[in-house]
Amino acid sequence: MRSPKDFFRPLAVGAPTPVHDVPFRPSRMIHFFDPGNEKMAAKVPSIAPTVDVLLGNLEDAVAADRKEAARSGLVKIAKATDFGDTQLWTRINSLDSPWALDDLLTLVTEIGDKLDVIMVPKVEGAEDIHYIDRLLAQLEAKARIQRPILVHAILETASGVANVEEIAGASPRMQGISLGPADLAASRRMKTTRVGGGHPGYLVREDPHAQDADAPRATFQQDLWHYTIARMVDACAAHGILPYYGPFGDIKDTTACEDQFRNAFLLGCVGAWSLHPVQIAIAKKVFSPSPADVAWARRVIEAMGDGTGAVMIDGKMQDDATYKQCQVVAQLADTLAARDPELRDAYTAAEKE
Ligand SMILES: CC(C)(COP(=O)(O)OP(=O)(O)OC[C@H]1O[C@@H](n2cnc3c(N)ncnc32)[C@H](O)[C@@H]1OP(=O)(O)O)[C@@H](O)C(=O)NCCC(=O)NCCSC(=O)C[C@](C)(O)C(=O)O
Ligand SMILES: [Mg+2]
């Protein structure tokens, strides 16, 4: 365990100084593409301005014989594209795979100055982050990178969930954590074969009716992911990093995708992954607070003055705690409005109503 005094020291001579605070840049959707897939890669320049984060995926969903094509494709795209304000991330292969080391060696030395975040799959505990942390410092020094590359862990093993707090706090590079519901389901031996979302068998049933024991009883589908998302959100918030819902695999079911994303948003997540272009607009809608909610939050903040005491607004009690809740919404709105002029205009119009 490093001494707290050493926590923010670079882990290699010549590596950039670690950040003290994770930059909160809009990341409502992390858009996945396969850099070795020519059709997808061709769409990158037009998709880039429409998303907050573009992620070149090298891990699962890229076939074993396409791994090198994906890696070199990402280098080519990163060098050739001006991403503007859009962040560029990558998901490397897992640390026990034959590709992870070359992924890091190639990407950091070739395009390290363009990469904001490296997503690491199947993180089991703090030791995985410590390994990446030191290696990245060595590679940053070698490539003379000026700002540290941040690290994002996927929560997709039972060990990872058991160790999520220590993962979140393992390094000042930790930017955030995403839920990986497919690998996590397999690791836990859950009996769902879906990528995220609910399951009709996971439910509660209302009690038998007093007058007619044979009458049909309503059932209510429950959220398989509630516990894990809530636990991940707490670990992230406690360590000042950002939680994300991951992928929703039923691309055609845009309604259920929106519901899953919204559950995560309401519980504290800042974004989700888009696997297909149709999911970009869903994430944008869900992870941007509504103009009505923002107008309400600003009203409460204004009425609360210095943020102490208690007042009534429209029959609802407001105090120091609701002031803080409203600040969460208003500050998120400010950050998103600075990037998204349409949203800024919608927030301004709602405040005037
Ligand atoms: C689902 C698939 C196969 C459907 O692909 P498709 O070609 O059948 O779909 P389509 O509707 O016919 O596509 C329409 C057009 O959009 C393009 N397109 C389609 N997708 C994208 C995209 N993402 N970015 C940019 N362009 C895209 C596609 O190439 C096509 O172009 P065209 O009109 O020129 O023919 C395809 O969308 C895809 O491969 N998406 C990415 C999948 C992926 O990255 N999976 C891994 C993340 S989830 C995961 O790993 C789990 C986790 C966390 O680890 C764990 O829970 O354990
Ligand atoms: Mg996975």
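Side-chain atoms are counted along with the backbone in the values below, which use heavy atoms only and exclude waters and symmetry mates. Both ligands and their constituent atoms are indexed starting at 1 by order of listing.
Side-chain atoms of Q318 and T322 form a donor-acceptor pair, as typed in the model, at a separation below 3.5 Å. Counted by atom type alone, D34 and N57 present zero donor-acceptor pairs between their side chains at under 3.5 Å. In this model, no donor atom of one side chain and acceptor atom of the other lie less than 3.5 Å apart for S3 and R9. Side-chain contact check for H31 and S274: at least one donor-acceptor pair (N or O, by modelled atom type) lies under 3.5 Å.
Between R339 and D52, at least one side-chain nitrogen of the basic residue sits less than 4.0 Å from a carboxylate oxygen of the acidic one, meeting the salt-bridge criterion. Electrostatic pairing of E59 and R91 counts as a salt bridge here, judged by a charged N lying under 4.0 Å from a carboxylate O. In summary, D293 and R298 do not engage in a salt bridge, as defined by a charged side-chain N under 4.0 Å from a carboxylate O. A salt bridge is absent between D113 and K79; no separation between the charged side-chain nitrogens and carboxylate oxygens falls under 4.0 Å. A salt bridge links R231 to E165: at least one charged side-chain nitrogen sits closer than 4.0 Å to a carboxylate oxygen.
Heavy-atom proximity to atom 49 (C) of ligand 1, evaluated over R91, M119, K122, E156, is greatest for R91. Looking at E38, K43, Q279 and measuring to atom 34 (O) of ligand 1, the nearest heavy atom belongs to K43. Remark: among candidates A182, P121, A185, S46, the nearest residue to atom 56 (O) of ligand 1 is A182, based on non-hydrogen atoms.
Within the 4.0 Å heavy-atom cutoff, V195 does not count among the residues contacting ligand 1. Between G246 and ligand 1 there is no heavy-atom distance shorter than 4.0 Å.
Seen from the Mg ion (ligand 2), atom OE1 of E156 and atom OD2 of D183 lie 100° apart in angle, a value rounded to 10°.
For atom 18 (N) of ligand 1, the nearest protein heavy atom (residue, atom name, distance) is P277 CD, 3.9 Å. Here the heavy atom of the protein found nearest to atom 37 (O) of ligand 1 is L275 O, 3.3 Å. Protein heavy atom closest to atom 45 (N) of ligand 1, with residue, atom name and distance, is A61 CB, 3.4 Å. Scanning all protein heavy atoms for the shortest distance to atom 35 (O) of ligand 1 gives K39 NZ, 2.9 Å. Nearest protein neighbour of atom 39 (O) of ligand 1, counting heavy atoms only, is M40 CE, 3.3 Å. From the protein, the heavy atom lying nearest to atom 12 (O) of ligand 1 is H276 NE2, 4.9 Å.
Using a 4.5 Å heavy-atom threshold, the side chains of N263 and D223 count as touching. Counting heavy atoms from C-beta on, the side chains of M119 and I154 come closer than 4.5 Å.
Summarising the local packing, CZ of R188 is surrounded by more than 12 heavy atoms from other residues, nucleotides or ligands at distances under 6.0 Å.
The atoms of ligand 1 that sit less than 4.0 Å from any heavy atom of D183 are 54 (O), 55 (C), 56 (O), 57 (O). Less than 4.0 angstrom separates some heavy atom of P181 from each of these atoms of ligand 1: 56 (O). Of all atoms in ligand 1, numbered sequentially from 1 with element shown, those under 4.0 Å from a heavy atom of H31 are 22 (C), 23 (N), 24 (N), 25 (C). Within the listing of ligand 1, atoms 25 (C) sit less than 4.0 angstrom from a heavy atom of I47.
Residue-to-ligand polar distances keep E59 apart from ligand 1: every N/O pair is separated by 3.5 Å or more. Polar contact check, F32 against ligand 1: a nitrogen or oxygen pair lies under 3.5 Å apart. Polar contact check, D60 against ligand 1: no nitrogen or oxygen pair lies under 3.5 Å apart. For I154, no nitrogen or oxygen atom sits less than 3.5 Å from a nitrogen or oxygen atom of ligand 1, counting backbone and side chain alike.
Distance check for atom 32 (P) of ligand 1: a protein heavy atom is found below 4.0 Å. Taking a distance limit of 4.0 Å, we find that atom 8 (O) of ligand 1 is approached by no protein heavy atom. Under the 4.0 angstrom criterion, atom 20 (N) of ligand 1 counts as having a protein heavy-atom contact. Counting only heavy atoms, the protein never gets under 4.0 Å from atom 28 (C) of ligand 1. The nearest protein heavy atom to atom 3 (C) of ligand 1 is not closer than 4.0 Å.
The Mg ion (ligand 2) does not have E59 among its coordinating residues (no N/O/S atom, backbone or side chain, under 2.8 Å). Taking 2.8 Å as the threshold, D60 does not count as a candidate ligand of the Mg ion (ligand 2), since none of its N, O or S atoms lies below it.
Aromatic ring centroids of Y244 and H152 lie under 6.0 Å apart.
If you look at P247 next to ligand 1, the close heavy atoms, those under 4.0 Å, all belong to the side chain.
Across Y245 and G197, no two heavy atoms sit closer than the pair OH-N, 3.8 Å.
M174 pairs in a side-chain contact (heavy atoms from CB on, under 4.5 Å) with only one of the listed residues (L242, D133, I129), which is I129.
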field: side chain to side chain contact (heavy atoms under 4.5 Å, CB included) evaluation trace for D250 with V195
entry: CA-CA 7 Å; D250 193 343; V195 180; over 6 Å; no
